[in-house]
Amino acid sequence: MDPILERYQALEDKVAAYTPNLDTKRLFDAFTYADTEHHGQLRKSGEPYIIHPLAVADIVADLGLDVDSVIAALLHDCIEDTDATHEEIAKKFGKSVAELVEGVTKLTRVQYVSKEEEQMENLRKMLMAMAHDIRVILIKICDRLHNMRTMEYQSPRKQREKSLETMEIYAPLAHRLGMQKLKWELEDLSLRYLDPVGYKEIEEEMSARSAAHEEFLASIQLRIQQRMEQEGIRCKVYGRVKHTYSIYRKMFAQNKTLDEIFDLYAFRVIVDDIPECYNVLGCIHDMFKPVLGRFKDYIGTPKPNMYQSLHTTVIGREGIPFEVQIRTWEMHQTAEYGIAAHWKYKQGMANKKLGSEVDFEWVRKLLESQQDTDAEEFVRTLKVDMFSDEVFVFTPNGDVKSLPAGATPIDFAYNIHSAVGNSMVGARVNGRMVPYDTHLKNGDIVEVLTSKAAKGPSRDWLKIAKSNEARNKIRQWFKRERREENIATGRALFESELKHAKIPLSSITAEDVLPSILRKVRFGTLDELYASIGYGGTTAVKSVARIKDELLRLGRLKAEKAAASSRTTAESVIVPGTAAPVDVSQLKGSNKHTDSGIIVEGLGNCLVKFAKCCTPVPGDPVIGFITRGYGVSVHRADCPNAAPENRKPEEAARWVRVSWVDSKLPNYRTALEVASKDRDNLTLDVAMALSAAKVKVSALSARSMPDGHAILRIEVEVRDKEELASVINKLNNIQGVYHVARMTGK
Ligand code: MN
């Protein structure tokens, strides 16, 4: 028989095996139709094109999906690559099949450009949202799987692109849908092209040891089997070596060699019901020594993707640890095929209770709705409306933006940046000019036209915009635009309230008082305070009450100071802006530290150290923190650890102003992070450049990232900010380097 017909026959047999009363003519018609449509087209391998849809349909049938899905898989490339149309397919094979094919085609057309993690998440969601029907995603994943299996015929560039996409989009999707088997295969195939060297290394080492592995697997399997027989538990036991990508990830994350990887082996014990799972667990823990903290009960608390099993890691007599997963047959189906297992195991799963922490709400809904419905109804409930409150659109650069459903170009513009929204003069969707109240659809490419001469948002926009983000930004614009007006109103309210409190304006505008008054009300200038009162951000009454408190405190302070100066030893200072005294006796008298180049306000020279998190150098704006016992720790003003929102309220008094003075220290140590393309001799070139510039390097480490990049951490010693800037400049000029940053935080 013709080899292609033979393949078709195998497919038909497979589908017939799980489909009662299969309409074989309809299936055969679909095959013939696809074969005719693709006639004359070849795959990169040189084979006739029809091999691909046949293979995809075969994977779909492996998942046990319904006949419509199998037919749609046969036709999945027809709309995109042949003359076939939606209408024709609908007429020949029904509306449902046509919609599935259309759905897969739409997903095929989505272009992936962006590579940021956050973007990937949005892309995954966008695909789900665009699919409408979960079967579309399943067919698309099967399509991708076959393309990855035959990737060797593609150009290296295409191999990398598709593998990256598979690793970032399709493998995670398969994971979410609970399809472990497909996910593993997708990951391993992608890894082969993303890191051919790493992949080969693991594959080769693993196959060199395969005899030893087989022996170990067989001996443990036998021991478990024998014990189960003794206990009278009917079960299937098998062992495997974990998949390549999971080993790769462990080696990478833990920076270990293959020999040092903790658990390479996994065993499965599959039993008939849940009580037996726990019986088996008891036996396993009796036979082998369990590793503490590695037991997980995903039966009591299933994973969000419906996965259920008991996991434990134990150590055998040989001292080799291995994982054992214990589950029922139903759980096994779900673990291997995920959501697709519903077609296979509908009855069993319907009775399962899922944990409350299911974040895939729709899966739960699906299972509930499934309980008393027939098969056809079940398929209808598979309409995916999980992201119905979100819409995903592209920027012209291919970034994906997530907006609330019903969002308009105005929401899009403000989502990009308030400056974009404020200067918007028009919008294009998919290349066409549209009115501002157009509702955006999934997959739309949206472009905002801006102009410097734009007059800013109109009040109507507040009604058109769907997102709070856009509305807030529009309101902010009005707030700012009306600033003069606000200041005038605010000032009048403020002065009248001041009069009411019997405080003369001159008593707060005095040079030595105003800064602490402003700090107290948390504004940079009086105008800012007035403006805020003007638009209702704060009230005159509240501000004046605070100012009154502050004036009283300043008065007290003056009195105390006068008293203190008459004594000879003052053991505490009061830091301006707070009332809490801080013990500073520890800070004094350590003269050897006075040449740090730092003066602490109110304390002069004292014990100073430079914060390790941000390593300031002379010239950086800085701020000090009075530590408990180690003097004043100096941070850069822009260090996250010193950011006002990260300061503990009870430590407010410990933050003090510090400044640089002429320093006697020759050098300051500071840390840099360099991001670069990974290449040979990168570290060497960096070291050479620094040594040529006569910069003292106290530490240098490089780390390769999986995507062909490298991160270098460098500690250098410099005189001041200026010299540091020139070091950064030199680093920036090294070939491959694309970013040099000072380290801050943590
Ligand atoms: Mn395809």
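Start at 1 and go down the list; that is how both ligands and their atoms are numbered.
Residue Y170 forms a side-chain contact (heavy atoms from CB on, under 4.5 Å) with just one option from E187, K140, H175, M148, and that option is K140.
Sorting the N, O or S atoms of D77 by how far they are from the Mn ion (ligand 1) puts OD2 first. Looking at D143 and the Mn ion (ligand 1) together, the shortest N, O or S contact belongs to OD1.
With sequence neighbours excluded, the residues forming a ring-ring contact (aromatic ring centres under 6.0 Å, His included) with Y33 are F93, listed by chain and number. Every side-chain hydrogen bond (donor to acceptor under 3.5 Å, both in side chains) that E102 has, sequence neighbours left out, goes to H86.
The distance from the Mn ion (ligand 1) to the nearest N/O/S atom of H52 is under 2.8 Å.
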Apply salt bridge (Lys or Arg N to Asp or Glu O under 4.0 Å) to residues R209 and E205 and explain how you reach the verdict. CA-CA 6 Å; R209 297 174 201 194; E205 275 197 61; 2.7 Å; yes
